Amino acid sequence: MGKTRLALEAAGASAKVFPDGVWLVDLAPVQESAAAAAATALGVPDLGTQPVFDQLAGHLARRRVLVVLDNCEHLVDTCAELAQTLLSAAPELRILVTSRQTLGVVGEHVLTVPPLPPEEAVELLRERATSVRPEFRITEANRVAVTRICTDLDGLPLAIELAASRLRVLTAEQVADRLEDRFALLTGGSRTARPRQRDLRAAIDWSYELCTPAERLLWNRLSTFAGGFALDAAESVCEGDGIAPEEVLDLLDRLVAQSVVLPTGAEDQPRYRMLETIRQYGRERLAASGEEKRLLRRHRDFFLALAEGLADRWFGPGQQEGLVRLRTEHANLLVAMACGGDPQAVLELAASLRFHWCVGGFLNEGRRVLDRALEAAPERTPARARALWVAAWVAVLQVDLAAAHRWLDEAGELGEQLDDPVVRAYVQSLRGSSAFFGGQMEEAVSWFEAAVADHTALGEGAGTVFTLFQLAFAQTARRDPRAVETGRHAVALAEAHGDRWGRAQGLWALGHAAWARGDKEGAMALTCFSLEAQRGFNEYVGVALALETIAWTTASGGDHERAGRMLGALRALLRNIGTTPEAFGPYRAEQHAQCEEAIVRALGREAYEKAIADGGIHDTPAQAIAYALGAETKQAASASAPAPGPLTRRQWQVARLVSHGMSNRQIAAELVLSPRTVDHHIENILANLGCRRRAGIAAWWALNESRSTV
């Protein structure tokens, strides 16, 4: 839609370059010979006995001409033959083709005509609307509706023109509201236009009829996808009953070649999509075919398998890539969740997406989905038990402890009834989380210790790490010296299995423990390691609370302005999920209040508020992490980064004592070495690890102690 107009504009602008003329060959009404139509358009008399191809070639051989072959999609083969023959015979000839499908001839250059950019689409609608209703204006009152019309119509010129014609009798808001039934609304175009350009359905009917039966079948089935799809999804959902599994790729390629499907995404992660108007047309055809319910079930089953696969493989490498895939498929996941017929399958899907909700940045969406799914499937099944503890996890992260307790009570009871030890272990972990945020530290430690034992016995590595780093926080709050050992255990276990998210949480727990014992440099280094490892996960709560540790550490070091900006970013992140720093229990609330008071005393109220506002513009996890790891903090983190090479046995011993806070003289006494020898060892360790300060050695040791053989 829009190709002909663009071609005519280009041809008109190029007229001076072609002294022998610019010629338009309109092939829309032609059913057989493109060559005969071209001869007629160029005025080549059909008087001789030569074939038309030869007559055209002879006529154009010595001319500098531009020929526009318009609407070639239904005559692709004959147009390709015509173009190849004429270009071979006439070196000065240029041919401009409009078609849904490329000709595939040597020397062809393809310009894909994209939808109109938003501002141009709005301008086209304004221009066409004023032609039928001169008083029409785009104002602040209707601008949102006008923009919605253009966006919902994919920036397609014909669709926008047809919508503009309706502004003769409807307001922009009324047109926007009626676009759900766009094929009924967008009719009655210009009487001078071709029949297929007088309404939207006829325009797409033209393209649909040009497809083979198998291509139409795939078009219909691909309409089940929202927001695009990958090849594996298309192959899984669309094969069968008329399309063999090995045919999907070829048929998809043919739909791409005909511009029905658009390739999107990066080269290493190709995806495809349909313009929404094209997709809705296919969906109507699918519904009429009687296949719709079956295809929607297959669509749901594919995304259920995808989500379950990520959940099963979470304790290992590929976490970020898995979350990126789910984030990309978010619209499809919501479609799958809305599939009727089997509430238990929807419940399974909602529970399997737990990392998408809790780590991928969709807490509010997850809460709504889980609430609906649990209400729709009240049967006491294993699927419900899993969904209950996942719903409790979401509620805990939102600090809605009343809802968390309600879900956990039922999950615990159901886990016992079904004798599901995994459910029972997660219920214990989350009861510990709830107790921690509620300020019941002794109870939290008890729940966490029981959960660690159960997760470990079950071989539930993800659950073990999930509980260990929380146990480390609770132990730190109780001034339990075992907190460091617990945090190191979490980091070591996560590292051994490639669990990057678990490693990040363990590092944060170690950083918090370092802050609690007054080790500001170690706290900063470890927390920065944690933030670096959290890149790409989009988890609001974890990033926000790690920023709080940085704020406390920075304030205690005297940089109150930077600490205020960290608190501003923290508040912005938590505001996005509907909570505040004070909601995370009396332990954190007390430390937070002390930090704020120190900043206000140092800067004054006005400067404090400015720092909060400056930090508050970084309101996504990615922005906040980049901000926190800027200049000074980034330097500290990189200074503490471990080098690939191992330390010698003696260097391991020295590093261990550095991590315990010993001075060089104390280390010398412990190892029965001269102070100068210890100085030399420290210099070599710093060089080997790429560190500049002793805090870097301590941080490195905290990450690597479990691998020590000393």
Side-chain angles (χ1 to χ4, degrees), residues 425-426 428-458 460-497 499 502-527 529-530 542 545-546 548-549 552-553 584-588 590-591 652-653 655-662 670 695 697-710:
Y426 276 105
Q428 290 182 112
S429 294
L430 291 164
R431 286 197 188 282
S433 306
S434 180
F436 181 84
F437 288 152
Q440 301 162 307
M441 296 303 168
E442 185 173 349
E443 184 179 346
V445 168
S446 177
W447 281 117
F448 287 142
E449 288 177 341
V452 167
D454 285 355
H455 280 301
T456 302
L458 291 167
E460 264 278 325
T464 304
V465 173
F466 174 74
T467 311
L468 278 171
F469 76 77
Q470 295 185 85
L471 174 59
F473 277 109
Q475 289 172 332
T476 297
R478 297 185 67 208
R479 302 186 183 280
D480 186 334
R482 294 178 298 168
V484 173
E485 179 185 349
T486 302
R488 287 172 177 168
H489 185 189
V491 171
L493 185 59
E495 282 188 335
H497 291 83
D499 174 7
R503 176 177 179 272
Q505 307 312 307
L507 288 169
W508 169 36
L510 285 173
H512 183 72
W515 171 82
R517 65 176 182 269
D519 179 4
K520 294 189 288 292
E521 290 187 343
M524 183 66 76
L526 287 161
T527 308
F529 275 138
S530 171
L545 298 185
E548 190 168 42
T549 301
W552 298 347
T553 305
F584 288 88
Y587 169 72
R588 299 196 71 89
E590 180 183 352
Q591 303 299 329
W652 271 105
Q653 293 173 329
R656 175 174 59 83
L657 297 178
V658 169
S659 73
H660 292 171
M662 288 188 178
E670 176 74 16
I697 299 175
W700 187 87
W701 176 265
L703 303 183
N704 291 273
E705 182 191 21
S706 63
R707 293 195 289 267
S708 172
T709 58
V710 179

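From a predicted model like this one, the values you see are computed outputs, not experimental measurements.
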What are the two closest non-hydrogen atoms of [X] and [Y], and how far apart are they?
{"X": "Leu493", "Y": "Gly461", "value": "CD2-O, 4.4 Å"}
{"X": "Thr476", "Y": "Ala483", "value": "OG1-CB, 3.3 Å"}
{"X": "Asp454", "Y": "Ala425", "value": "CB-CB, 4.0 Å"}
{"X": "Gly432", "Y": "Ala444", "value": "O-CB, 3.5 Å"}
{"X": "Ala523", "Y": "Ala514", "value": "N-CB, 3.5 Å"}
{"X": "Glu449", "Y": "Gln475", "value": "OE2-NE2, 4.5 Å"}

Quick check: do [X] and [Y] have side-chain heavy atoms less than 4.5 Å from each other?
{"X": "Ser429", "Y": "Trp447", "result": "no"}
{"X": "Trp515", "Y": "Gln591", "result": "yes"}
{"X": "Met441", "Y": "Val445", "result": "no"}
{"X": "Thr553", "Y": "Glu521", "result": "no"}

Roughly how far, to the nearest 0.5 Å, is the [atom2] atom of [Y] from the [atom1] atom of [X]?
{"X": "Phe436", "Y": "Leu471", "atom1": "CZ", "atom2": "CG", "result": "10.5 Å"}
{"X": "Leu468", "Y": "Arg488", "atom1": "CG", "atom2": "CZ", "result": "14.0 Å"}
{"X": "Ser433", "Y": "Phe466", "atom1": "OG", "atom2": "CZ", "result": "5.0 Å"}

>> Quick one, His489 with Val465, criterion side chain to side chain contact (heavy atoms under 4.5 Å, CB included). Give me CA distance, side-chain angles, the key distance, then yes/no.
In response: CA-CA 8 Å; His489 185 189; Val465 173; over 6 Å; no
>> Over 60° means perpendicular and under 30° means parallel, so tell me whether His512 and Trp552 are parallel, tilted or perpendicular.
In response: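 Ring orientation, 0 to 90° scale: tilted.
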> Step by step, would you call Leu430 with Gln470 a side chain to side chain contact (heavy atoms under 4.5 Å, CB included)?
Replying inline: CA-CA 10 Å; Leu430 291 164; Gln470 295 185 85; 5.8 Å; no
> Do the two ring centres, one from Tyr426 and one from His455, sit under 6.0 Å apart?
Replying inline: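 Yes - the distance between ring centres of Tyr426 and His455 falls below the 6.0 Å cut-off.
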> Do Phe473 and Trp508 make the cut of ring centroids closer than 6.0 angstrom?
Replying inline: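 They qualify: ring centres under 6.0 Å apart.
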> Under 3.5 Å, is there a donor-acceptor pair linking the side chains of Gln505 and Ser530?
Replying inline: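 Note: Gln505 and Ser530 side chains miss the donor-acceptor criterion.
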> Where do Val491 and Leu510 land on the side chain to side chain contact (heavy atoms under 4.5 Å, CB included) test, with the steps shown first?
Replying inline: CA-CA 9 Å; Val491 171; Leu510 285 173; 3.9 Å; yes
> Could you go step by step and tell me if Arg503 and Leu507 meet the side chain to side chain contact (heavy atoms under 4.5 Å, CB included) rule?
Replying inline: CA-CA 6 Å; Arg503 176 177 179 272; Leu507 288 169; 3.7 Å; yes
> So, Asp480 and Arg482, do they make that salt bridge, N to O below 4.0 Å?
Replying inline: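 Yes, this pair counts.
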